[in-house]
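First up is the structure itself, then whatever we jot down about it.
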Amino acid sequence: MDKFRMIFQFLQSNQESFMNGICGIMALASAQMYSAFDFNCPCLPSYNLAYGLGILLAPPLVLFLLGFVMNNNVSMLAEEWKRPTGMRQKDPAVLRYMFCSMAQRALIAPAVWISVTLLDGKCFMCAFSTSVPVEKLGNRSFTGLSEKEMRKILARIPCKEIYNGQELVAREVAARYLRCISQALGWSFVLLMTMLAFLVRALRPCFTQAAFLKSKYWSHYIDIERKLFDETCTKHAKTFAKVCIQQFFETMNKDMGLGHTHSPEKVPLEEGEEKEKLLGITDQGTMNKLLKSWHKCKPPLRLHQEVLQNGNNWQGESQHHSHTSLPRKEIVTYYSKV
């Protein structure tokens, strides 16, 4: 268990590197999924386009959503977006930065899938086989074929075993033509994604350096604050449960008239130490009020200022929010008074 705990703590402390690794694994998995996928074009005029475009676009959409689902910051972003303003204003720039960071990672696997699919050419050939220019590649003067029958023959180009239109257009010629266009689109897509990644990663901070650093800092602050609050709540819940259980057994011990099996001097000392960790929050109602106050009225981000509590509101010299973080000790001191 200690090894698993160490690994979990390492992943939490290196969350950005961990998420980059997850995105890389998903990208490799998407390429492997495509290579293992059994592609079967229906070779019917009314179904080829839907099937080909479905294979090209539907899996990337699923991978994009999975990229968001596997990102731990999604819940943090939703919570920060929907929370009441209270005494801490919400910065839209921070929310945009958080969303863009998650979207950039989530787009890696879909981009790999689309690139691999276009470079392979099977989906494109299936989707656009009926659009082959017979005038340029085949024998348009082939007699006895209506437009509907010609489309039916062209739709069978991806299916080598049932294609019967060699007199109209050679299958290998049409397949090479479609595959060439598909690969050209694939490399263009790779180049476009590479250029966009370069612009986002390199040029954006150059034009808005101050805003970029501010958004990056406060997005990290929100993440760290949530983790520290969760850790503090976990420690408090553990101590609160321990004191409640000890008091329950002591009460049952007295009611049943049983003797103490341990030193009577040690119990008050340990109980006093445990109660000190509760920070004055010793009942369910107070704890519920604290959690509700934290959600509705997070403390303002100020340092070295006396913060007074009046009901569920904060009072200070001003309500302006400076760009500094509130110490954990000050947060705990305030909520211990609730």
Side-chain angles (χ1 to χ4, degrees), residues 1-2 4-16 18-19 71-91 94-95 98 216-248 269-316 321-338:
M1 290 298 295
D2 293 337
F4 287 108
R5 190 179 296 108
M6 291 177 61
I7 294 174
F8 181 72
Q9 292 175 353
F10 173 78
L11 294 178
Q12 279 190 326
S13 61
N14 298 272
Q15 186 176 9
E16 185 172 357
F18 173 66
M19 289 309 304
N71 197 313
N72 294 329
N73 292 332
V74 172
S75 58
M76 179 182 67
L77 176 63
E79 179 184 353
E80 184 68 14
W81 180 46
K82 294 296 293 183
R83 72 170 176 85
T85 303
M87 300 304 299
R88 184 189 300 179
Q89 295 179 353
K90 292 182 284 187
D91 193 343
V94 176
L95 299 178
M98 293 167 61
K216 186 175 182 180
Y217 176 86
W218 288 112
S219 66
H220 289 320
Y221 173 84
I222 293 172
D223 186 24
I224 294 172
E225 183 188 60
R226 185 189 65 165
K227 291 178 182 177
L228 290 177
F229 186 79
D230 291 342
E231 291 176 5
T232 304
C233 288
T234 301
K235 292 179 181 178
H236 185 278
K238 183 177 180 180
T239 304
F240 188 75
K242 184 177 180 180
V243 173
C244 286
I245 293 173
Q246 287 178 346
Q247 292 180 353
F248 169 77
L269 180 61
E270 288 184 354
E271 187 174 335
E273 292 177 354
E274 295 294 339
K275 284 186 177 181
E276 287 181 1
K277 298 179 182 179
L278 295 177
L279 304 173
I281 305 169
T282 56
D283 62 86
Q284 183 179 0
T286 304
M287 191 66 204
N288 290 337
K289 185 178 179 181
L290 181 148
L291 297 174
K292 185 177 180 180
S293 299
W294 175 261
H295 173 67
K296 288 189 173 182
C297 183
K298 288 190 177 181
L301 304 179
R302 290 197 298 266
L303 287 175
H304 305 301
Q305 294 187 16
E306 184 179 1
V307 181
L308 301 177
Q309 180 261 341
N310 183 15
N312 284 333
N313 297 324
W314 291 81
Q315 292 180 349
H321 305 289
S322 62
H323 301 297
T324 52
S325 61
L326 190 66
R328 181 178 174 182
K329 182 178 179 182
E330 190 173 343
I331 296 174
V332 173
T333 303
Y334 163 70
Y335 281 113
S336 64
K337 298 176 183 179
V338 178

Gap between atom CG of Asn73 and atom CZ of Arg226 - 0.5 Å precision = 6.5 Å
Distance in Å, Thr232 OG1 paired with Lys227 NZ, rounded so as to fall on 0.5 Å steps | 14.0 Å
Quick one: CE on Met76 to CG on Asn71, what's the gap to the nearest 0.5 Å?
-> 8.0 Å
To the nearest 0.5 angstrom, please state how far the CG atom of Leu301 sits from the CD atom of Gln89.
-> 10.5 Å
Report the residues that fulfil side chain to side chain contact (heavy atoms under 4.5 Å, CB included) with Lys238, sequence neighbours left out, ordered by chain and then residue number.
-> none
With a cut-off of 6.0 Å (strictly less than), are more than 12 heavy atoms of other residues, nucleotides or ligands near NZ of Lys242?
-> no
Are any non-hydrogen side-chain atoms of Met87 and Pro299 less than 4.5 angstrom apart?
-> no
Locate the shortest heavy-atom distance separating Phe229 from Leu290; write the atom from each residue and the value.
-> CZ-CD2, 4.4 Å
Parallel under 30°, tilted from 30 to 60°, perpendicular over 60°: which one fits the rings of Trp218 and Tyr221?
-> perpendicular
Atom NE2 in His295, atom NZ in Lys82: separation rounded to 0.5 Å?
-> 10.0 Å
Between Lys90 (side chain) and Trp81 (backbone), is there a donor-acceptor pair under 3.5 Å?
-> yes
Minimum side-chain heavy-atom gap Arg88-Arg83 below 4.5 Å = yes
From Thr239 atom OG1 to Ile281 atom CD1, the distance as rounded to the nearest 0.5 Å | 11.5 Å
